Amino acid sequence: MNGLLNLLSSAVQVLQAGYLGAFDASFAQGIGGYPAGAIVAGSAPGAFWVSTADANVATPGAEGAAWQSLFSGYATQAWANGQFLRLASTATQAVTGPVTFSGTTTVPTPTDYTQRQAIGAADADARYARLTGDNALKGVQTVVSSTRYAVAFAALNPTAFDGTNNNPSPSVELGAGSLSARLYTQGITEATSQLALVFNGSSIGQTVITFGVDGSLTTSGKGAVAFTSQLPTAGAISGGYYKKIPISGGGFLLTQMFLVTVSNTSRVSFPLAYSTAPASPQLSLASNNDVDLASSSVDAAGFTVTVVSSGSFLISVYVEGIVQA
């Protein structure tokens, strides 16, 4: 009797310890098969099977056997790793398909910008230029458009060129082959300020083109450039012709030579008016008549002629004066 009770106690102790018996083919035959819902341990540790039919004598795991895994329908670790991001993992994890984030998403500051590391807004704003503008760029920024051309934007003018006091202001450097071109702003005061375009090349050396605030243009190789408004001009006027020559300090020397018919005290108008009264005109008769001539009341628009004789005479007038344009 004691032996029987001891056997029963041992069996109960095993069950209380959490043991589930392994599938036993002989036992299954002896009881007429496992009933539906019976649970047996598999041959591998951690594997358990549930009978899906009564009188079940088939071996769990065999093809067509009426058994299913106790964990059927539960997510395995391998399946979960393929479906979800592991928050505590340091391994590289790939995400496929579109992903939509809501709220604020933060990422750590990249440790290597040459790798495929996510970058946050603050780090990107401090490192890259915004297409909308309002950027504070430091150092030399180089944009390469091809293997031949490059453009460099410098925050401050370099000190290699100093025609007249380089100013610490923005400059632009353009390069094409061995030729480079830089822009400099120069000058101490507004009146002396100028913009210098400096070319440097292995074959041409250095050439400087200077633009003054007064509109002047000077080159280091050719000197001051004359504009068309500064070139001598000549042309026809009523009864003759004129010449206009630029003079130092601004303005032009205007010379007029023309014929006009006059009588005593006639008022003669200059075909082209002067800015101020010119020098007294030089008068001479266009014919062989012996008549004295004189001018008076000379102003910017004309003069009065004195003819010491009666009648009308064709005279030649030569006059020089200043005009501003």
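All values derive from a computational prediction rather than experimental measurement. Index from 1, following the sequence.
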Hey, does N81 have a side-chain heavy atom less than 4.5 Å from the side chain of Q77? yes
Can you see which heavy atom on Y74 is nearest to which on L70, and at what distance? CE1-O, 4.1 Å
For S263 and S266, run side-chain hydrogen bond (donor to acceptor under 3.5 Å, both in side chains): C-alpha distance rounded to whole Å, both residues' side-chain angles, the deciding distance at 0.1 Å, then the answer. CA-CA 6 Å; S263 59; S266 294; 3.2 Å; yes
Rounded to the nearest 0.5 Å, the CD atom of Q256 sits from the OH atom of Y241 at a distance of 11.5 Å
Separation of L285 CG from D292 CG (nearest 0.5 Å): 9.0 Å
Does the pair T59 and W67 meet the rule for a side chain to side chain contact (heavy atoms under 4.5 Å, CB included), with working shown? CA-CA 8 Å; T59 301; W67 296 90; over 6 Å; no
Do Y113 and I119 touch side chain to side chain, with heavy atoms closer than 4.5 Å? yes
Taking all non-hydrogen atoms of both residues into account, name the closest pair between P271 and S238 and its distance. CG-O, 3.9 Å
So if you build clusters from Ile, Leu, Val, Met, Phe, Trp, Tyr with side-chain heavy-atom gaps below 4.5 Å, do V298 and L253 land together? no
Please find the pair of heavy atoms, one from S284 and one from L293, that lie closest to each other, and give the distance. C-CD1, 3.8 Å
Should we count NZ of K243 as having more than 12 external heavy atoms under 6.0 Å? no
Verdict with supporting geometry, F270 and Y242, side chain to side chain contact (heavy atoms under 4.5 Å, CB included): CA-CA 11 Å; F270 298 128; Y242 77 93; over 6 Å; no
Any link between F84 and L87 through a network of hydrophobic side chains (Ile, Leu, Val, Met, Phe, Trp, Tyr) touching at under 4.5 Å? no
May I have the step-by-step check of side chain to side chain contact (heavy atoms under 4.5 Å, CB included) for N56 and F23, ending in yes or no? CA-CA 11 Å; N56 190 353; F23 172 78; over 6 Å; no
Just wondering, more than 12 heavy atoms not from Y128 lying within 6.0 Å of its OH? yes
Check against side chain to side chain contact (heavy atoms under 4.5 Å, CB included), F252 and T233: CA-CA 10 Å; F252 299 85; T233 58; over 6 Å; no
Distance-only donor-acceptor pairs under 3.5 Å for side chains of residues 302-323, two or more places apart:
residue: T304; atom: OG1; partner: R267; partner atom: NH1; Å: 3.0
residue: Y318; atom: OH; partner: E320; partner atom: OE2; Å: 2.7

Just verifying a value: how many Å separate S26 OG and I31 CD1, rounded to the nearest 0.5 Å? 11.5 Å
Do I245 and F227 land in one hydrophobic cluster if side-chain heavy atoms of ILVMFWY residues count as linked below 4.5 Å? no
Please tell me if the side chains of Q206 and S220 come closer than 4.5 Å, counting only heavy atoms from C-beta onward. no
Tell me the closest heavy-atom pair linking A91 and S89, and the distance in Å. N-OG, 3.2 Å
Indicate yes or no for a side-chain donor-acceptor contact from T218 to the backbone of A224 under 3.5 Å, with no hydrogens or angles considered. no
Side-chain contact, heavy-atom cut-off 4.5 Å: R130 with D125? yes
Nearest-0.5 Å distance that lies between atom NZ in K222 and atom OG1 in T207: 10.0 Å
Determine whether P246 and L231 make a side-chain contact, defined as any pair of heavy atoms from C-beta on separated by less than 4.5 Å. no
Might you work through the side-chain hydrogen bond (donor to acceptor under 3.5 Å, both in side chains) test for Y274 and Q324, ending with a clear yes or no? CA-CA 8 Å; Y274 290 93; Q324 296 302 315; over 6 Å; no
Using a 4.5 Å cut-off on heavy atoms from C-beta on, say whether the side chain of L195 contacts that of T210. no
Can you tell me which residue among Y34, F48, W49 is in a side-chain contact (heavy atoms from CB on, under 4.5 Å) with P60? W49
All heavy atoms of A28 vs all of V57, minimum pair found to be O-CG1, 3.9 Å
Over all atoms of both residues, closest heavy-atom pair of V40 and A22: CB-C, 4.3 Å
Going by atom types only, do T111 and Q117 share a side-chain donor-acceptor pair under 3.5 Å? yes
Counting heavy atoms not belonging to D112, are there more than 12 under 6.0 Å from its CG? yes
N/O donor-acceptor pair under 3.5 Å between N289 side chain and V291 backbone: no
Count the heavy atoms of every other residue, nucleotide or ligand shown that sit under 6.0 Å from CZ of R86, and state whether that count exceeds 12. yes
Value for CG (L197) from CZ (F199), rounded to nearest 0.5 Å, stands at 4.0 Å
